[in-house]
Protein chains: 4
Amino acid sequence: MARPKNPTDAAQPATPSEGEPEKRRAILHAALKVFAERGYHGCRIADVASEAGVAYGLVYHYFRNKDELLESVFDEQWRIFIGAIRAISEGPGTAAEQIGSVIRFALDVFRTAPEAVRVLILEVPRTPDVLRAGSTRQTFEVATRLVAEMVQRGQQGGEFRTDLDALVGAASVLGVLDMNLAGMVTGLLTAPLPSDEELERMKRQVVTAALGAILVPGSAAPAR
Amino acid sequence: MARPKNPTDAAQPATPSEGEPEKRRAILHAALKVFAERGYHGCRIADVASEAGVAYGLVYHYFRNKDELLESVFDEQWRIFIGAIRAISEGPGTAAEQIGSVIRFALDVFRTAPEAVRVLILEVPRTPDVLRAGSTRQTFEVATRLVAEMVQRGQQGGEFRTDLDALVGAASVLGVLDMNLAGMVTGLLTAPLPSDEELERMKRQVVTAALGAILVPGSAAPAR
Amino acid sequence: MARPKNPTDAAQPATPSEGEPEKRRAILHAALKVFAERGYHGCRIADVASEAGVAYGLVYHYFRNKDELLESVFDEQWRIFIGAIRAISEGPGTAAEQIGSVIRFALDVFRTAPEAVRVLILEVPRTPDVLRAGSTRQTFEVATRLVAEMVQRGQQGGEFRTDLDALVGAASVLGVLDMNLAGMVTGLLTAPLPSDEELERMKRQVVTAALGAILVPGSAAPAR
Amino acid sequence: MARPKNPTDAAQPATPSEGEPEKRRAILHAALKVFAERGYHGCRIADVASEAGVAYGLVYHYFRNKDELLESVFDEQWRIFIGAIRAISEGPGTAAEQIGSVIRFALDVFRTAPEAVRVLILEVPRTPDVLRAGSTRQTFEVATRLVAEMVQRGQQGGEFRTDLDALVGAASVLGVLDMNLAGMVTGLLTAPLPSDEELERMKRQVVTAALGAILVPGSAAPAR
DNA sequence: TATGAATGAGAGTTCATTCAT
DNA sequence: CATGAATGAACTCTCATTCAT
């Protein structure tokens, strides 16, 4: 059974774009870290600057203001995640396999870049309206809709139950993923830095639960 | 099939406690509203006071500081929710029925007090560490563990699949609930103020999806 | 020859308005002083606050922002000046006498409150557009028009030459006044703090020059 | 009656000085424009540079700092104006005729280079002390004294009244000029861009008013 | 209890100036 | 000469908290 190749490495900068100034990247990187550690309001521009090893004013050389900086961080992270979802969606495999891949990808990223996940999962959906009104909000919807498309395909293929709206199915899948990630991030479900085995175990369980929410009852969970 | 009595009214003040000053209640109530509207950092003490129709300084008469005020709001809301879960848990019905009841209860509350849900679902898990370190965090864990107990009981009774940790099962159930509520709050899944039928439809779907995540595959979803 | 009573005391707060908080007055007063000393951009809110012997934040308790504070200062000063012009205009005396009174009034104020004059004369007409767009600008026009009315009356009465537009006449009178005051303020024309005699001498000269600009040539300058 | 040749073209660079780098001139020119548009504090080095179509840092290659740049602008403009006054002063004609020429010259410049006038008239006398302490201040005094010399000559020749100090006379003449120009700049007295006739009319009136301030009463205003 | 004026530390943003290339 | 990235001090504005009444 074919399995889409795991695009984990996408967690690296979406656009290493030759021309991008090194310090701009450093700032973006630092912002991700500081933001993950302290949350939107807890992080000050000064923190970002010093974390990036850069002068205060340089942040404003590259970004109009704090909101734009953080929006950039969000956008970049989401772009990576969406890129992965899209790649998986366009790849081979049944709908169930694809959704399993999405979940495994997310947990893999958590392993290599927990801050990124923390930011996406814990901060993004709950930041001020100014921010939510921006592209971030739309991006979030895009992700949901991409998953909803997978769900719909699965419903049409007879894999997934049809008594759920595709959007509700997508929300459920993402909810299972989100809450389990949150539990991992906060240490409720696993050690803060889980071992490889622990991670594999979680992957299996989260996939099982997420698919359980949408599979036609009685169908076997896909071998993994 | 017995169904636990729906403790919807618990959304009212947990403790109308005879002696509690009227203005204190007004402040708490206003804080919930303002907090739901603007989020933790977006709401200023001045907003709360004016929403409550009360003098600025009075807030500090009843609450040591902003954190304590908001912690009180959280605690109260969670106490209500936990009270409901506990009541359901100690009531009649199978584990699956109980979990269904929990979900239906949450959606009912969303209907009557969307702000409360918004606060619990969108704000609580993402507020600053100071706050998270407080009782709120523990309260959140308590809720998770209560649901995990239900899951465990269901596993022992053969209803729920045993290839999931009870905590993962609980997280999955709550994740499905959370994300669908978030979708309702943000208008992605339903109109901002859904009709009765829409709400019932959502209840059915969310219960289906949540139970799907943990039921032994092939078992019939419980009639509702 | 009747001479309008000199409303010098109008230099005091236009509205001692019973209800006005003492500290608000202190801030306004301090702002006038600091603004006169350092100019619009040279004065910082911190300067105003400390000059007023008041906490930083209190300035923002009474005024929305720096612009509003300074606009208030301007407005108050102009209101005083306009009040005086109006009183003179409605009082007895020929047009020439009235214009003489306006000039003498201005020089009197310079004696008792040089800062106020400095602000009105040196700063107002040259501050940022935001400010000029506000009520200050209109107020300045009002003053000009009031003087223009006097000029017009004098033209109709045969005192003043009619080959000047009334507005040009007014601008000329105010120009003579302004530039001579500027010369006094900057120490080019008199000692920074002129003696009574010096002041009287200046009054006579400025009145002479200003009326010369508009009187029918050959008419005697009005006795003073 | 001979009339000094009108040195209008002096509004061009005083010293096209062979060796002066083209870009330096561009910066100076841009600075005049930007400064006229936004005032001393409203204009940033970045504005000047981009207006001049020149790199940021180049401004600092040619000028030590912002103050020096603006001082240079002032100096240049004043040098032009003073050069004109001096030329007129050393030329033929009575004192009254010469003063009339000065005023007409100023209004002509306003026609061709309103920004320059705006800067000289509206900005120079009201900029920070640091600046005023520089050569600009002295330059301004020089202009006043040159006019005062004309006045004095007129007084000695019996044209002008002797009950005014020469400096007061000069201040009055310049005051009439300044305020009427200000009125034109701000649109209170004429359309922002007056027609030729309007301008001629203003010239006549302003000369009339200015000379009226200092002429021996009864003497005929000089034919124009 | 109740009020709201008063306080001041903190954070975002601007912009003149420097400097490596 | 020319460029523009980099620096950081300075200043405005916010808002939690205190306190006299």
Side-chain angles (χ1 to χ4, degrees), chain A residues 21-24 26-27 41-50 52-70, chain B residues 21-24 26-27 41-50 52-70, chain C residues 21-24 26-27 41-50 52-70, chain D residues 21-24 26-27 41-50 52-70:
Chain A
E22 180 197 347
K23 302 229 170 169
R24 196 193 130 99
I27 291 169
H41 286 95
C43 86
R44 295 159 302 168
I45 294 293
D47 296 331
V48 174
S50 79
V54 138
Y56 201 113
L58 196 60
V59 175
Y60 285 88
H61 185 74
Y62 286 115
F63 302 91
R64 195 185 315 284
N65 54 34
K66 189 179 177 183
D67 276 6
E68 191 184 294
L69 168 60
L70 295 177
Chain B
E22 182 196 346
K23 301 221 169 170
R24 195 192 132 99
I27 291 170
H41 285 96
C43 82
R44 295 161 301 168
I45 294 292
D47 297 329
V48 173
S50 80
V54 138
Y56 210 112
L58 197 60
V59 175
Y60 282 87
H61 188 75
Y62 286 117
F63 303 91
R64 193 188 316 284
N65 56 33
K66 190 180 177 183
D67 278 3
E68 191 185 293
L69 168 60
L70 295 176
Chain C
E22 181 197 344
K23 302 228 169 165
R24 197 193 130 98
I27 290 170
H41 286 96
C43 85
R44 294 159 303 166
I45 294 293
D47 296 331
V48 174
S50 80
V54 138
Y56 197 110
L58 197 61
V59 175
Y60 285 87
H61 185 75
Y62 286 116
F63 302 91
R64 195 185 316 285
N65 54 35
K66 190 179 175 183
D67 276 6
E68 191 185 293
L69 168 60
L70 294 177
Chain D
E22 182 196 347
K23 300 222 170 171
R24 195 193 132 99
I27 292 169
H41 285 95
C43 81
R44 294 160 302 167
I45 293 292
D47 296 330
V48 173
S50 80
V54 138
Y56 209 111
L58 197 60
V59 175
Y60 282 88
H61 186 74
Y62 286 116
F63 302 91
R64 191 187 316 283
N65 54 34
K66 190 180 177 184
D67 278 3
E68 190 185 294
L69 167 60
L70 294 176

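Labels below follow one simple rule: chain letters A, B, ... track the order of the sequence lines, proteins then strands, and each chain is numbered from 1. Hydrogens, waters and symmetry mates play no part in the numbers below; they use all other heavy atoms, side chains included.
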- line: Among the nucleotides F:dC1, F:dC13, E:dT13, whichever has the atom closest to the side chain of D:P21 is F:dC1
message: What's the closest nucleotide to the side chain of A:V54 if the choices are E:dT3, F:dA16, F:dT7?
response: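 Of E:dT3, F:dA16, F:dT7, F:dT7 is nearest to the side chain of A:V54.
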message: Return whichever of C:R24 or D:R64 has its heavy-atom-nearest nucleotide of DNA chain E closer to the 5' end.
response: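 Its nucleotide being nearer the 5' end, the pick is C:R24.
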query: Closest nucleotide of DNA chain E for B:G57 versus for D:A46: which of these residues is on the 5' side?
result: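 By nearest-heavy-atom nucleotide position, the 5'-most residue is B:G57.
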Taking every non-hydrogen atom, the tightest pair across B:G42 and B:D47: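 B:G42 and B:D47 have their closest heavy atoms at O-OD2, 4.0 Å.
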field: Minimum heavy-atom distance between A:A26 and A:A52, given as atom pair plus value
entry: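 That would be O-CB, 3.7 Å.
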What integer distance in Å separates [X]:[atom1] from [N]:[atom2]?
| X | N | atom1 | atom2 | value |
| --- | --- | --- | --- | --- |
| C:I45 | F:dT14 | CD1 | C1' | 13 Å |
| B:H61 | E:dG4 | NE2 | P | 15 Å |
| D:F63 | F:dA2 | CZ | C1' | 15 Å |
| A:Y60 | F:dA5 | OH | C1' | 18 Å |
| B:E68 | F:dT17 | CD | C1' | 14 Å |
| C:E22 | E:dG4 | CD | P | 19 Å |
| A:Y56 | E:dG12 | OH | P | 5 Å |
| A:R44 | E:dA11 | CZ | C1' | 8 Å |

A:G53 or C:K66, whichever maps to the more 5' nucleotide of DNA chain F: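 The answer here is A:G53.
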- request: With the side chain counted from C-beta on, respond yes when C:Y60 and C:I45 share a heavy-atom pair under 4.5 Å apart, and no when they do not.
  value: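 Yes. Closest side-chain heavy atoms under 4.5 Å.
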query: With rounding to whole Å, what would you report as the distance between E:dT1 and F:dT21 at their C1' atoms?
result: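 Those two atoms are separated by 13 Å.
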task: Could you tell me which nucleotide pairs with E:dT7 by Watson-Crick or G-U wobble geometry, both distances under 3.5 Å, or answer none if nothing does?
output: F:dA16
- request: Just name whichever nucleotide pairs with E:dA2, Watson-Crick or G-U, keeping both distances under 3.5 Å, else none.
  value: F:dT21
- prompt: Taking B:K23 for the side chain and B:G53 for the main chain, is one N or O donor matched with an acceptor at less than 3.5 Å?
  reply: no
Whether D:K66 side chain and D:C43 backbone form a donor-acceptor pair below 3.5 Å: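 It does hold such a pair.
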task: Under 4.0 Å between any heavy atoms, over every strand shown, what does B:Y62 touch: base, sugar-phosphate, or nothing? Just pick one.
output: sugar-phosphate
task: Tell me what B:L58 touches on the nucleic acid: a base, only sugar-phosphate, or nothing, going by heavy atoms under 4.0 Å.
output: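 Counting heavy atoms under 4.0 Å across all strands, the contact made by B:L58 includes a base.
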